[in-house]
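Worth knowing before you read on, the calculation uses all heavy atoms, side chains too, and leaves out hydrogens, waters and symmetry mates. Being a predicted model, the structure only gives us computed values, none of them experimental.
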Amino acid sequence: MKHTGSLLIVDDNPDILIAARLLLKQHYQSVKTTDNPFEIAGIINEQRKADQPIDVILLDMNFTQDSISGKEGFYWLKKIIEQDANIVVLLMTAYGDIQLAVDAIKAGASDFIAKPWQNEQLLGAVAAAFSHAKDKQQVGKLTRQKDGLNQVLNNQPFEFLGQSAAMQQIFTTIEKAAQTDANILITGESGTGKELTAHAIHQASMRHNQTFMSLDMGAVAQNLFESELFGHKKGAFTDAKSDRIGKFELAQGGSLFLDELGNLPLEHQAKLLAALQNRKITPVGGSKAVDIDIRLICATNDNLDQAVAEGRFRQDLLYRINTVEIRLPALRERSDDIPMLADYYLNHFAQKYKRNLTIKTHDMSLLCQYAWPGNVRELAHAIERAVILTEGDTLDISSVVGNTTALSTGNSGQALKSETEYDTFDLDILEQRTVRAALKHHQGNVSHAAKALGLTRGAMYRRLEKYRL
C-alpha cells in the first residue's frame with residue numbers, strides 16, 4: 001500500500017528525475033518532478049490549492065550556475081523555507097562531503113543524499129523526511145490551536161450567580177441539559193449573562209475537560225465568516241499567509257458557543273446548517289472535509305421566531321439549534337438577586353483596585369429599585385466605576401447611575417418603574433424606549449449610551465438602524 005503524502009523532486013538531470021520517480025512512485029501516492037527550480041514556488045501553490053500540499057522536496061544542490069559548490073541548492077533551500085517552513089527538504093549532490101552536509105543541515109535541510117544513491121538509502125531518507133514533515137505539521141497545528149485558545153485563557157468569566165426562583169429554575173434546566181449533547185439556545189436581553197450561562201453548561205457537561213470556544217457572530221466580517229468558523233488554507237485568498245484552524249476545529253471534542261446568532265445573514269445560515277447536519281466542515285481553499293465533534297451552544301437577544309416569520313432566519317436552522325431553549329430573565333425580573341450581585345462585584349473590583357469599601361443598606365435598597373436596562377452587565381460596569389471614583393470607605397452610588405435623585409425618582413430617562421407599572425411587556429418596545437432614553441440622557445453620544453446599556457458600538461448601531469433612531 002502506498003503512503004499518503006506529496007513529494008517533489010527537483011534536478012536538472014532527466015535521468016535522475018526518471019530514476020527517482022520510478023522508485024518513489026512505488027511507495028508514495030503523489031510524486032512530482034521538475035528540472036527547473038524556478039517552478040518550485042508555483043508547484044507548491046498548485047498542490048496546496050488542490051489540498052495535496054507538498055510534504056517533502058528532494059532538491060539537487062547544483063544546477064547550471066556552477067557544478068560543485070552547492071550554492072544554488074542553498075539558495076533554493078532558503079526560498080522553500082521562506083514559502084513554507086513545514087516542508088522538509090532533502091539535498092542531493094554528486095560531490096558530497098562532510099562539511100557540505102553539515103552546512104546544509106544548519107541551513108534547514110533535513111538530510112543529505114550523495115549521488116549515486118543506494119535505493120534502500122534513498123527510501124529510508126525519504127521515509128524519515130515524511131515522518132519529520134508530519135511532526136512539523138502537528139507542531140504547527142498545535143501552535144495555531146494554542147493561539148486560538150489564548151482567548152479562553154485570557155478571558156475568564158465572572159461567576160454565574162443567582163438565588164431567585166427564576167435563576168434556580170435556570171440552574172435546574174442547565175443541570176439536566178448539560179448531561180446530554182443536545183444543542184442549546186440561550187435567549188434574553190443584552191447583559192443578562194448568556195456567555196456565563198454557556199460556560200456553566202460546558203462546565204456541567206461531560207465535555208468539561210475539553211475546550212470551550214466562543215465567537216461573537218455580530219463581530220465577524222461577512223467575508224471572513226467561513227474562515228472564522230471553518231478555517232482556511234494558505235493562499236486561499238488575499239492575506240491568507242498561513243493555514244488557519246477555524247473555531248469548529250479549535251472546539252473539537254468540547255463546546256462551541258456562537259453569540260449574537262440572530263445577526264447571521266441568510267447565506268451564512270445555510271452554510272452553518274450544512275456543517276451541523278453533516279457534522280463535517282471544509283476549510284476555505286481546501287477540498288478535504290474534516291469531521292467535527294462539538295457541543296453547540298448559541299445565544300441571541302433577537303426574537304428568532306419573529307425573525308423566521310419575517311424571513312430573516314431559517315426555520316430549519318432554528319429547529320437544529322434549539323433542542324433545549326433557556327431564556328434568561330432580565331435583572332428587573334429578578335431584583336432579589338441584586339444585593340448578592342452588587343456585593344459580589346463590589347468585592348471583586350475592590351480587590352482588583354486595592355480598595356476596602358462597604359455599601360450602606362439604604363444605598364443597596366436604591367440599587368434594587370433601579371430598572372437596570374443593561375442588566376447584570378450594566379450593574380457590573382456601574383459598580384466598577386463607583387469603586388474607581390469613590391474617595392471614602394463607603395461606596396458612592398451617585399457615581400453608579402448618575403445620582404441618587406435619578407435612582408429614587410427615575411429622572412434622566414432612567415425609569416424606576418416596577419413590573420406592574422409597565423404599560424407593555426413587548427420586549428422590542430421596551431428595548432426601543434430604553435435605547436431612546438439612553439441616547440437622550442447622554443445627549444446623543446452613541447458611545448456613552450452604548451456603554452450605559454452594556455452594548456458594543458456595533459450592537460448599538462444595529463439597534464439604532466432597527467428602530468430608525
Side-chain angles (χ1 to χ4, degrees), residues 157 160 162 166-208 212-220 225 228-230 247-248 251 254-281 292-330 333-334 375 425-428 431 459 462 466:
F160 188 43
M167 290 307 296
Q168 291 305 309
Q169 182 60 48
I170 296 292
F171 295 150
T172 299
T173 303
I174 288 174
E175 184 178 359
K176 292 179 180 178
Q179 299 306 310
T180 72
D181 267 345
N183 293 334
I184 296 179
L185 175 64
I186 306 169
T187 61
E189 297 177 14
S190 293
T192 49
K194 293 187 282 294
E195 185 167 2
L196 292 180
T197 307
H199 275 280
I201 293 167
H202 175 73
Q203 289 302 319
S205 75
M206 294 178 289
R207 298 173 180 261
H208 65 276
F212 176 90
M213 183 59 54
S214 64
L215 179 63
D216 183 351
M217 305 303 289
V220 178
F225 165 80
E228 285 285 349
L229 258 65
F230 310 141
K247 293 298 189 294
F248 269 101
S255 301
L256 176 61
F257 174 54
L258 301 181
D259 199 4
E260 300 243 18
L261 192 69
N263 294 314
L264 195 62
L266 283 170
E267 61 268 26
H268 295 334
Q269 292 176 29
K271 294 172 183 176
L272 176 59
L273 177 63
L276 297 176
Q277 288 178 332
N278 300 327
R279 308 296 292 180
K280 293 178 182 291
I281 60 168
I292 55 172
D293 172 26
I294 55 105
R295 173 28 159 341
L296 182 68
I297 307 171
C298 298
T300 182
N301 55 18
D302 198 359
N303 184 330
L304 293 188
D305 289 321
Q306 181 179 342
V308 168
E310 296 173 354
R312 295 185 288 109
F313 202 86
R314 294 179 63 107
Q315 188 172 55
D316 46 4
L317 178 58
L318 179 58
Y319 288 152
R320 178 69 60 174
I321 64 175
N322 75 335
T323 306
V324 176
E325 182 173 345
I326 297 175
R327 180 194 172 274
L328 296 181
E333 298 173 24
R334 57 178 184 117
N375 294 296
F425 290 99
D426 188 304
L427 289 178
D428 276 344
E431 182 178 64
R462 284 193 294 274
K466 177 180 178 181

### Message
Donor-acceptor check, side chain of Ser255 to backbone of Ala251, threshold 3.5 angstrom: yes or no?
### Response
no
### Least distance between heavy atoms, Phe257 atom then Ala299 atom
CE1-CB, 3.5 Å
### Asp316 CG to Leu273 CG distance, which is reported to the nearest 0.5 Å
4.5 Å
### Task
With the side chain counted from C-beta on, respond yes when Asn303 and Glu310 share a heavy-atom pair under 4.5 Å apart, and no when they do not.
no
### Query
How about Gln277: does its CD atom have over 12 heavy atoms from other parts shown lying under 6.0 Å from it?
yes
### Query
Do Lys194 and Asn301 come close enough that some side-chain heavy atom pair is under 4.5 Å?
yes
### Task
Kindly determine whether Glu431 and Lys466 satisfy side chain to side chain contact (heavy atoms under 4.5 Å, CB included), including the steps that lead there.
CA-CA 11 Å; Glu431 182 178 64; Lys466 177 180 178 181; 4.1 Å; yes
### Task
Anything under 30° is parallel, anything over 60° is perpendicular, the rest tilted; go ahead and classify Phe225 against His268.
parallel
### Message
Would you say that Leu272 contacts Leu261 through its side chain, given a criterion of any heavy-atom pair below 4.5 Å between the two side chains?
### Response
yes
### Message
Has Arg295 got a side-chain atom pairing as donor or acceptor with Ala182's backbone, closer than 3.5 angstrom?
### Response
yes
#### Entry: Residue pair Ile321 / Leu276, side-chain heavy-atom distance below 4.5 Å
yes
### Query
Any donor and acceptor pair, going by atom type alone, linking the side chain of Asn322 with main-chain N or O of Leu185 inside 3.5 Å?
no
#### Entry: Side chain to side chain, Phe171 and Glu175, heavy atoms closer than 4.5 Å
no
### Task
Write down the atom of Lys247, the atom of Ser214, and the distance for their closest heavy-atom approach.
CE-O, 3.9 Å
### Query
Is there a donor-acceptor contact under 3.5 Å from the side chain of Arg312 to the main chain of Leu304?
no
### Task
Can you measure from CG (Leu296) to CZ (Arg320) and round to the nearest 0.5 angstrom?
10.5 Å
### Between CG on residue Leu328 and OG1 on residue Thr187, distance to nearest 0.5 Å
7.0 Å
## Note on the structure
All heavy atoms of Gly262 vs all of Thr300, minimum pair found to be N-OG1, 3.6 Å
#### Entry: Stepwise side chain to side chain contact (heavy atoms under 4.5 Å, CB included) check, Asn278 with Ile292
CA-CA 9 Å; Asn278 300 327; Ile292 55 172; over 6 Å; no
### Task
Mind running side chain to side chain contact (heavy atoms under 4.5 Å, CB included) on Thr173 and Arg327 for me, showing each step along the way?
CA-CA 10 Å; Thr173 303; Arg327 180 194 172 274; over 6 Å; no
### Task
Would you give the length of the straight line joining atom CG of Leu256 to atom CZ of Arg207, rounded to the nearest 0.5 angstrom?
11.0 Å
### Task
Give a yes or no answer on whether the side chain of Gln179 reaches the backbone of Ala204 with a donor-acceptor pair at less than 3.5 Å.
yes
### Task
Could you tell me whether Phe212 and His199 have their ring centroids closer than 6.0 angstrom?
yes
### Query
For Leu264, does its backbone N or O pair with a side-chain atom of Gln269 as donor and acceptor, under 3.5 Å?
yes
#### Entry: Closest non-hydrogen atom pair between Ile186 and Ala198, with its separation
CD1-N, 3.7 Å
### Message
Tell me if a side-chain donor or acceptor on Gln168 pairs with a main-chain N or O of Gly162 at a distance below 3.5 Å.
### Response
yes
### Any side-chain donor near an acceptor of the partner, Asn375 and Thr192, under 3.5 Å
no
### Message
Quick one, Ile201 with Ile326, criterion side chain to side chain contact (heavy atoms under 4.5 Å, CB included). Give me CA distance, side-chain angles, the key distance, then yes/no.
### Response
CA-CA 11 Å; Ile201 293 167; Ile326 297 175; 4.1 Å; yes
### Query
Between CD of Gln203 and NE2 of His208, what distance do you get to the nearest 0.5 Å?
7.5 Å
### Query
How close do Ile294 and Phe248 get, heavy atom to heavy atom, and via which atoms?
CG2-O, 3.7 Å
### Query
Measuring from Leu258:CG to Glu228:CD, what's the distance to the nearest 0.5 Å?
11.0 Å
### Task
Please report the shortest heavy-atom distance between Phe160 and Gly193, naming the atom on each side.
CE1-O, 4.2 Å
